[in-house]
Amino acid sequence: MLPLLPHGGLALDVAAGRGRNAQALARAGMRVVAADFSEVALRTLAELARSERLPIWPVVADFDTFAFRDQSFDAIVNVNFLDRARFPDFARALKPGGILVAETFLIDQAEIGHPNDPRFLLRHYELRELIAGLELLRYREGLVVYPDGWRAWRAGAVARRKS
């Protein structure tokens with residue numbers, strides 16, 4: 001998805017953890033706010049960002065609320081985190097023309113493994129509903145089989161905030 005993102009802009013990595021996505025974004029030329037509730041994970045990310053001189057700013061954030069300003073990000077990446085109430089916030093936080101990348105598990109995942117709590121699993125086509133106010137660029141859902149044989153039911157979308 002990196003080629004679809006604006007080069008050199010400001011990105012938000014939602015629920016960043018140790019920053020796998022934040023690192024990829026920074027290495028692709030973006031400045032990144034990596035937000036997560038885990039101070040331990042963010043401390044690890046901060047050390048890595050310092051040692052590799054990556055433009056990543058770890059921010060301790062609780063996504064029960066959304067503390068970021070409207071129209072402040074060129075891209076938002078939300079992978080493996082599902083809080084349905086945040087999608088309108090993501091849309092508002094994107095600059096006009098900004099890109100949202102969202103990917104997480106589908107309800108079918110409960111049949112084959114973790115996660116299995118329906119609160120954290122999307123219904124079929126629900127992601128399309130959650131991003132309905134944005135211009136849909138890419139969408140897929142279904143079973144993904146990884147090179148190591150691990151399987152997961154996933155939905156993913158790339159969408160742009162209209163100008």
Side-chain angles (χ1 to χ4, degrees), residues 1-37 56 61 63-163:
M1 301 301 169
L2 286 173
L4 298 173
L5 299 178
H7 182 74
L10 180 63
L12 172 64
D13 183 3
V14 175
R18 292 189 183 127
R20 178 188 63 201
N21 295 316
Q23 292 171 52
L25 292 164
R27 289 182 179 122
M30 298 194 83
R31 296 169 291 121
V32 184
V33 174
D36 199 281
F37 72 92
I56 298 173
F63 284 100
D64 286 342
T65 59
F66 192 79
F68 300 99
R69 292 189 335 232
D70 291 356
Q71 298 188 25
S72 53
F73 295 103
D74 297 289
I76 297 176
V77 175
N78 179 42
V79 176
N80 292 343
F81 175 77
L82 180 59
D83 183 340
R84 293 162 175 89
R86 297 291 69 90
F87 280 84
D89 298 325
F90 298 157
R92 284 191 300 273
L94 286 171
K95 293 177 182 177
I99 301 290
L100 172 66
V101 175
E103 182 172 320
T104 195
F105 297 96
L106 286 167
I107 192 72
D108 309 83
Q109 183 66 20
E111 296 173 15
I112 63 171
H114 180 77
N116 55 20
D117 185 333
R119 292 176 300 164
F120 307 116
L121 301 171
L122 291 165
R123 297 181 319 275
H124 288 276
Y125 303 106
E126 182 181 9
L127 183 55
R128 289 180 82 115
E129 296 169 16
L130 292 170
I131 61 171
L134 302 173
E135 176 189 4
L136 185 61
L137 303 176
R138 302 273 193 284
Y139 187 83
R140 71 164 170 76
E141 64 176 58
L143 183 64
V144 176
V145 180
Y146 296 91
D148 66 359
W150 190 70
R151 302 175 322 138
W153 287 91
R154 314 247 331 144
V158 179
R160 179 177 22 235
R161 181 174 175 168
K162 298 170 188 169
S163 298

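Values reported hereafter were calculated over all heavy atoms of this structure, with side chains retained and with hydrogens, waters and symmetry mates removed.
Of all heavy-atom pairs between Gly142 and Leu106, the closest is N-CD1, 3.6 Å.
The salt bridge (Lys or Arg N to Asp or Glu O under 4.0 Å) check on Glu103 picks up Arg140, Arg154, with sequence neighbours excluded. Remark: Asn116 pairs with Ala110 by the side-chain contact (heavy atoms from CB on, under 4.5 Å) rule, at least two apart or across chains. Partners of Arg151 according to the side-chain hydrogen bond (donor to acceptor under 3.5 Å, both in side chains) rule, which considers only residues two or more places apart in sequence or in another chain, do not exist here. Every side-chain contact (heavy atoms from CB on, under 4.5 Å) that Ala91 has, sequence neighbours left out, goes to Leu134. When the side-chain contact (heavy atoms from CB on, under 4.5 Å) test is applied to Leu4, the partners found at least two apart in sequence or on another chain are Met1, Arg138, Val158. Residues forming a salt bridge (Lys or Arg N to Asp or Glu O under 4.0 Å) with Arg128 (at least two apart in sequence, or on another chain): none. Taking Glu126 as the reference, Arg84, Arg123 meet the salt bridge (Lys or Arg N to Asp or Glu O under 4.0 Å) condition, with sequence neighbours excluded. Remark: Asp117 pairs with Arg119 by the salt bridge (Lys or Arg N to Asp or Glu O under 4.0 Å) rule, at least two apart or across chains.
Counting heavy atoms from C-beta on, the side chains of Leu82 and Leu121 never come closer than 4.5 Å.
Sorted by first and then second residue, the ring-ring contact (aromatic ring centres under 6.0 Å, His included) pairs with a member in residues 88-138 read Phe66-Phe90, Phe87-Phe90; sequence neighbours excluded. For residues 67-76, the pairs satisfying salt bridge (charged side-chain N to carboxylate O under 4.0 Å, His left out) are Asp74-Lys95, with sequence neighbours left out. Within the structure, every pair that satisfies the ring-ring contact (aromatic ring centres under 6.0 Å, His included) test and touches residues 133-163, not counting sequence neighbours, is listed here: Tyr146-Trp150. Sorted by first then second residue, the side chain to side chain donor-acceptor pair (under 3.5 Å) pairs that include residues 15-26, not counting sequence neighbours, are Gln23-Arg27.
The backbone N or O of Phe81 sits less than 3.5 Å from a side-chain atom of Asn78, completing a donor-acceptor pair. Distance alone, capped at 3.5 Å, places no donor-acceptor pair between the His7 side chain and the Gly29 backbone. Side chain of Arg161 to main chain of Leu94: a donor-acceptor pair is present (N/O by atom type, distance under 3.5 Å, no hydrogens or angles).
A salt bridge does not link Glu135 with Lys162: none of the charged nitrogens is closer than 4.0 Å to a carboxylate oxygen.
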